[in-house]
Amino acid sequence: MSISKLSITTISIIAVVLRLTMLVYGEWQDANMQVKYTDVDYKVFSDAARFVTLGESPYKRSTYRYTPLLAFLLTPNIYIHKSFGKLVFILADIVVGVLIHKILCLRGLNEQKAVNYSALWLLNPIVASISTRGNAESLLGAMVLLTLYCIFVKKFFFASILYGLSVHFKIYPIIHALPLLVFLDEEDYQGLRRKGKGKEHDKNSWRYWVGKMSRFVTPARIEFALISGSVFFVLNGIMYLLYRQEFIDETYLYHVTRKDPRHNFSPWFYYIYLTFNISRGSLLGLVLFIPQISLVALLGVVFGKDILFACFIQTFAFVAYNKVCTSQYFMWYICLFPLIIHSTAIKFKYKGFLMLFAWISGQAIWLYQAYLLEFLGENTFLMIWLASIAFFVINIWILTEIVKNHNYEKCFELGKIRNVWGNSGDVKNDKQQQR
């Protein structure tokens, strides 16, 4: 039976079976082979959880750079079974796939197309291997997608809470704050038209820009900022009371001034490696952050009304320009990719296949050089650096092509609220429901 005839329920069941099979195999490989299946990060999570069960700080485990919430969540690794956390990550994987399907249906895609695009995540063996190896990125993907889903179905309060939680869990979703605020427009999102626009000023006049800024400050945007910000700061406050400055340093500040000399996909790793013991190396993290966050902010503002594309393209650019880039970071935008495929003019048979081939080949070349270094002991640092540069160029080309070929479409134009909202009421009824 072809995928085109399967339901989302069937696809989800197949996805669960696939992941459970890989999980069982992983347990066997860990017990019988020198090369382990389980990711080293999962060992870090479990050790941090063990410290929590002993009433100690999870940060006693070196290299634990996450919120204590993750260690709390995985304490059953100690009490019940060591693979409990992997089951949680598998569940999050399935939740992501189901949310992709639901969001695409809300966008107006027919049922079968939504199922097919969801299968790109649910039946993706690379995605399945990352969660079954014990990587927690699927949890964050579920939080981000659930935030977007709640925004779409106008569960505004829950969306604000989820967004604050996701930023606390890992700081990178903060980049979506700008497009989310742009998206929460009174006319497009809430279906409210201003009674009068007042006197129009010349665009070169300061009055024009002051008026534009004042109109940006709306009750919905203020409410979203206050609720999500409160959740973020309350959670951080609780963790600070428990673990003091250690929590701030390891969870947040470390990632700003991070100097990781280990080889990774970022072309900056070689410079960091060569200047690791030099004080100016710490300044590099801040210097590189400026063009990265500037581009990400620009993309968020420009595409904010097309919120799904904005979140995807922001994340893609953020990962490509990050001074540290590993395979698990790709999950941040892969979970958003099925949401934007239908809005691109790129044909897979031609340019789409070439882009995918280049993206995979760039990684393969890099991984081969890394294998020579790690397992055969050859000095391939220069070749790894050149492979990193090539992969960066490939990513920038892909980024440019996706932006150029995207069919921009506001998610909540006044005339389209009924299609996305999924009811037969008119704009006036939507306005009353929002109130």
Side-chain angles (χ1 to χ4, degrees), residues 45 58-59 64-73 89 92 95-96 99 135-152 155-184 220-243 245-258 285 289 292-297 299-301 303-304 307-308 310-319 321-322 324 328-329 331-333 335-336 339:
F45 301 157
Y59 300 108
Y64 184 78
R65 318 289 186 189
Y66 312 88
T67 171
L69 286 182
L70 180 58
F72 297 160
L73 178 65
F89 303 154
V95 169
V96 168
L99 286 171
N135 192 283
E137 301 307 325
S138 58
L139 278 177
L140 191 61
M143 292 181 203
V144 171
L145 284 176
L146 194 54
T147 298
L148 292 172
Y149 175 74
C150 287
I151 287 284
F152 267 70
K155 302 292 184 182
F156 187 76
F157 181 75
F158 294 110
S160 304
I161 292 176
L162 283 165
Y163 182 66
L165 175 62
S166 64
V167 176
H168 167 79
F169 199 84
K170 186 166 280 189
I171 194 66
Y172 102 82
I174 192 91
I175 65 176
H176 301 323
L178 264 178
L180 283 169
L181 290 174
V182 171
F183 184 65
L184 295 175
R221 287 169 174 147
I222 293 173
E223 184 181 350
F224 180 81
L226 287 176
I227 296 173
S228 59
S230 296
V231 171
F232 174 75
F233 285 112
V234 167
L235 287 173
N236 282 352
I238 293 172
M239 299 307 158
Y240 181 80
L241 289 175
L242 291 173
Y243 304 112
Q245 189 62 32
E246 189 177 33
F247 159 69
I248 301 296
D249 291 340
E250 299 293 341
T251 306
Y252 298 121
L253 297 183
Y254 167 80
H255 297 284
V256 177
T257 59
R258 179 179 183 181
F289 186 68
Q292 178 191 29
I293 203 63
S294 298
L295 176 61
V296 166
L299 291 170
V301 172
F303 295 105
I307 187 64
L308 300 179
C311 289
F312 168 80
I313 207 67
Q314 272 193 313
T315 309
F316 191 96
F318 182 85
V319 172
Y321 279 86
N322 208 33
V324 176
Q328 67 190 54
Y329 294 0
M331 296 301 102
W332 297 353
Y333 59 76
C335 69
L336 295 165
L339 300 175

Donor-acceptor pair, R221 side chain versus V182 backbone, under 3.5 Å?
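Yes.
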Using atom types as modelled and distance alone, determine if a side-chain donor or acceptor of Q314 lies under 3.5 Å from a backbone N or O of I175.
yes
Considering residues at least two apart in sequence or located in another chain, which fulfil the ring pair (Phe, Tyr, Trp, His ring centres under 6.0 Å) criterion with [X]?
| X | value |
| --- | --- |
| F89 | none |
| Y321 | F392 |
| Y59 | Y64 |

Listed by chain and number, what are the side chain to side chain donor-acceptor pair (under 3.5 Å) partners of Y172, not counting sequence neighbours?
none
For N236, all residues meeting side chain to side chain donor-acceptor pair (under 3.5 Å), sequence neighbours excluded:
H168, Y252
Taking only residues at least two apart or on different chains, which pairs with a member in residues 226-237 satisfy salt bridge (charged side-chain N to carboxylate O under 4.0 Å, His left out)?
none
What pairs of residues pass the salt bridge (charged side-chain N to carboxylate O under 4.0 Å, His left out) test when at least one of them lies in residues 160-184, not counting sequence neighbours?
E137-K170
Minimal non-hydrogen separation, [X] against [Y], with atom names:
| X | Y | result |
| --- | --- | --- |
| L148 | C311 | CD2-SG, 4.1 Å |
| F156 | A220 | CZ-O, 3.1 Å |
| V96 | G141 | CG2-C, 3.8 Å |
| V324 | Y329 | O-CE2, 3.0 Å |
| P173 | L140 | CG-CD1, 4.0 Å |
| A317 | L295 | CB-CD2, 4.1 Å |

Can you name the side-chain contact (heavy atoms from CB on, under 4.5 Å) partners of [X], sequence neighbours left out?
| X | result |
| --- | --- |
| L99 | V95, L145, L146, Y149 |
| F233 | none |
| L178 | A297, V301 |
| L226 | I222 |

Side-chain contact, heavy-atom cut-off 4.5 Å: [X] with [Y]?
| X | Y | result |
| --- | --- | --- |
| M239 | L69 | yes |
| V231 | S160 | no |
| Y163 | S166 | yes |
| F247 | L242 | no |
| L73 | L139 | yes |
| L336 | T315 | yes |
| I227 | I161 | yes |

Ring centre gap for F45 and Y66 strictly below 6.0 Å:
yes
Measuring from atom [atom1] of [X] to atom [atom2] of [Y], what distance do you get when rounded to the nearest 0.5 angstrom?
| X | Y | atom1 | atom2 | result |
| --- | --- | --- | --- | --- |
| I293 | F318 | CD1 | CZ | 6.0 Å |
| S228 | L162 | OG | CG | 11.0 Å |
| F183 | H176 | CZ | NE2 | 14.0 Å |

Report, as yes or no, whether the 6.0 Å neighbourhood of atom CZ on F72 holds more than 12 heavy atoms from other residues, nucleotides or ligands.
yes
Is it the case that over 12 heavy atoms from other parts of the model lie below 6.0 angstrom from the CZ atom of F158?
no
